[in-house]
2 protein chains.
Amino acid sequence: MIRAMPDDDTTGPGPRRRRGPYAKSAERRREIVEAALHEFSENGFRGATMKAITERIGVTQPLIYSYFSSKEELLTAVLELRDDRGFDISPLDPSRPVESVRALVELMRHNEAHPGIVALHCAIAGEAVTSGHPAHDSFRRRYVDARTRIGAILEACREAGRLREGVDPQRAARIVVAAMDGLQTQWILEPEVEHLGDEFEAFMRTLVDF
Amino acid sequence: MIRAMPDDDTTGPGPRRRRGPYAKSAERRREIVEAALHEFSENGFRGATMKAITERIGVTQPLIYSYFSSKEELLTAVLELRDDRGFDISPLDPSRPVESVRALVELMRHNEAHPGIVALHCAIAGEAVTSGHPAHDSFRRRYVDARTRIGAILEACREAGRLREGVDPQRAARIVVAAMDGLQTQWILEPEVEHLGDEFEAFMRTLVDF
DNA sequence: GTCTATAGCTTGATAGAC
DNA sequence: GTCTATCAAGCTATAGAC
């Protein structure tokens, strides 16, 4: 997300106010985060090294530390980039259940168009199941939130008469969360899974009429 | 799986035959693998250190290297232990589809009784999605095999008239694999998932009449 | 069978010149 | 803003005594 610089006013000619960061600085930062994203995707957080990240963009290690004070802070920036690129279900609204289900399917289609982000998610979420991982709490909250939110949506679908016969909303919510993660993992691991979006939509249609 | 030692005969008193490894040696080995299992469960393979493993059982690092030539070989031994403890679907037989589905549910109940093994599976499978991981190929094959085998079982269920209306066997197989992994992950991360076996059984009953 | 001691390397991170 | 040079700490793994 690009923010306006503090000295963005092009009206005055003289250096009256203290200068903000140059555009080049923001560009470098973006470049570093992008390199880290790829490195984390391919090797996980623990498997990635600062050295490998710098070599991707041809800079030296100390340069990164002038933008991020630690490897962990760099991970935080990478995960924020992921959220900016749409890997987020928090805008889903249970008061519009059918639209929410459609949006969930659209989310998977969006992911299908961004394999790099999916690979990142699988790699970091995978190693974050261990309690000592820097992203552990973040992912645990994410899972709880996803399951709760999807549970509420399915509950609302039932009240709207859109849930298939015999489907339990809370139990189904767990399977939906599992399916979203699991399909993405299988999509990364096996080339046989052709269309993430189609597979997920077909599954959701066994639960909901939307 | 504990195998008989070559000098297991307690009939003769004298050392007539060439001695095999002493019982203590096998016991030490088992102890090391057990310690490694717990360490890998809690920190993953990359996050675990040989030092931490030795400290669990109060021995020194070189001792481990007299049993295993590398950290990676120790991982192999740990994964074999997991298979011995029943984390394996390869005995499932599509020619007996209904029994196979029941066995799959039993497998999850078995896992519920062995949280340590589930934690190990989640941690290692999680970080093994990255292609550079030592267990990557092993887990990739495992996934492909699981999906293929479960697909065949569901196909056989359909022929036996046990598949629910409108369920596509191959697509459902992907979701089943995702559900097995995902439910276990959620069970590790969230205390709210109370019964792994019950959750999985309820899901399978939405697909198959068994 | 187990130890002490340490080699040999890589890691994340810093100091200071330009 | 970027570099060269370097640090202390941590890692896997080995040599050799007992």
Side-chain angles (χ1 to χ4, degrees), chain A residues 5-7 15 18-37 39-40 42-78 124 127 130 132-135, chain B residues 5-7 15 18-37 39-40 42-78 124 127 130 132-135:
Chain A
M5 294 290 127
D7 56 344
R18 199 174 147 273
R19 291 188 182 178
Y22 290 122
K24 185 173 184 183
S25 177
E27 174 60 25
R28 253 293 188 248
R29 194 193 137 96
R30 202 197 52 76
E31 201 180 4
I32 292 168
V33 174
E34 198 77 35
L37 190 155
E39 200 57 32
F40 290 157
E42 290 176 19
N43 302 102
F45 176 75
R46 288 174 176 145
T49 65
M50 298 299 265
K51 185 168 182 286
I53 294 170
T54 60
E55 283 169 356
R56 277 179 181 265
I57 47 177
V59 297
T60 56
Q61 265 153 286
L63 183 66
I64 292 190
Y65 286 94
S66 68
Y67 288 86
F68 303 94
S69 66
S70 69
K71 190 185 176 189
E72 202 166 325
E73 200 178 283
L74 186 50
L75 173 63
T76 305
V78 168
I124 305 297
E127 68 180 352
T130 58
H133 194 279
Chain B
M5 293 290 126
D7 55 347
R18 195 174 149 274
R19 289 188 183 179
Y22 289 117
K24 184 169 185 184
S25 176
E27 174 59 26
R28 254 292 189 249
R29 194 193 137 96
R30 202 197 53 75
E31 200 179 5
I32 292 167
V33 174
E34 199 77 37
L37 190 155
E39 199 59 30
F40 290 157
E42 289 176 18
N43 302 104
F45 176 75
R46 287 173 178 146
T49 64
M50 298 299 266
K51 186 168 182 287
I53 294 169
T54 60
E55 282 168 357
R56 278 179 180 266
I57 47 178
V59 297
T60 57
Q61 266 154 284
L63 183 65
I64 292 190
Y65 286 95
S66 68
Y67 288 87
F68 303 95
S69 67
S70 69
K71 190 186 176 188
E72 206 163 312
E73 200 178 282
L74 185 51
L75 173 64
T76 305
V78 168
I124 305 296
E127 68 180 350
T130 58
H133 194 279

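Computation of the quantities below employed the complete heavy-atom set of this structure, encompassing side-chain atoms and omitting hydrogens, waters and symmetry-equivalent molecules. The chains referred to below are lettered A, B, ... by the order of the sequence lines, with proteins before strands, and numbering in each begins at 1.
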Whole angstrom is fine here: how far is it from [atom1] in [X] over to [atom2] in [N]?
| X | N | atom1 | atom2 | result |
| --- | --- | --- | --- | --- |
| Arg28(B) | dC3(C) | CZ | C1' | 12 Å |
| Tyr65(A) | dT11(C) | OH | P | 11 Å |
| Glu27(B) | dG1(C) | CD | P | 13 Å |
| Met50(A) | dG12(C) | CE | P | 7 Å |
| Ile53(B) | dC11(D) | CD1 | C1' | 13 Å |
| Gln61(A) | dG16(C) | CD | P | 19 Å |
| Glu73(A) | dG12(C) | CD | P | 15 Å |
| Lys51(A) | dA5(D) | NZ | P | 16 Å |

inquiry  = Would you say Tyr67(A) places a side-chain N or O within less than 4.0 Å of OP1 or OP2 belonging to dG1(D)?
reply    = no

query = Would you say a side-chain N or O of Ser25(A) is under 4.0 Å from OP1 or OP2 of dG1(D)?
reply = yes

Nearest to the [X] side chain among [options], which nucleotide is it?
| X | options | value |
| --- | --- | --- |
| Pro62(A) | dT4(D), dT2(C), dC3(C) | dT4(D) |
| Thr49(A) | dT11(C), dT2(D), dA13(D) | dT11(C) |
| Leu63(B) | dC3(D), dA13(D), dC3(C) | dC3(C) |

query = Checking all strands, does Thr60(A) fall into the base, sugar-phosphate, or nothing category for heavy-atom contacts under 4.0 angstrom?
reply = base

request  = Scan Ala48(A) against the nucleic acid and name what it touches under 4.0 Å (heavy atoms): base, sugar-phosphate only, or nothing.
outcome  = sugar-phosphate

query = Can you check whether Val78(A) reaches Leu37(A) side chain to side chain, under 4.5 Å on heavy atoms?
reply =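 Contact flag for Val78(A)/Leu37(A) side chains = yes.
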
message = Do Val33(A) and Phe68(A) have side chains that approach each other closer than 4.5 Å (heavy atoms only, starting at C-beta)?
response =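 Yes. Closest side-chain heavy atoms under 4.5 Å.
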
Quick one: does [X]'s side chain have a donor or acceptor within less than 3.5 Å of a partner on [Y]'s backbone?
| X | Y | value |
| --- | --- | --- |
| Glu127(B) | His133(B) | no |
| Lys71(B) | Phe45(B) | yes |
| Arg56(A) | Glu34(A) | no |

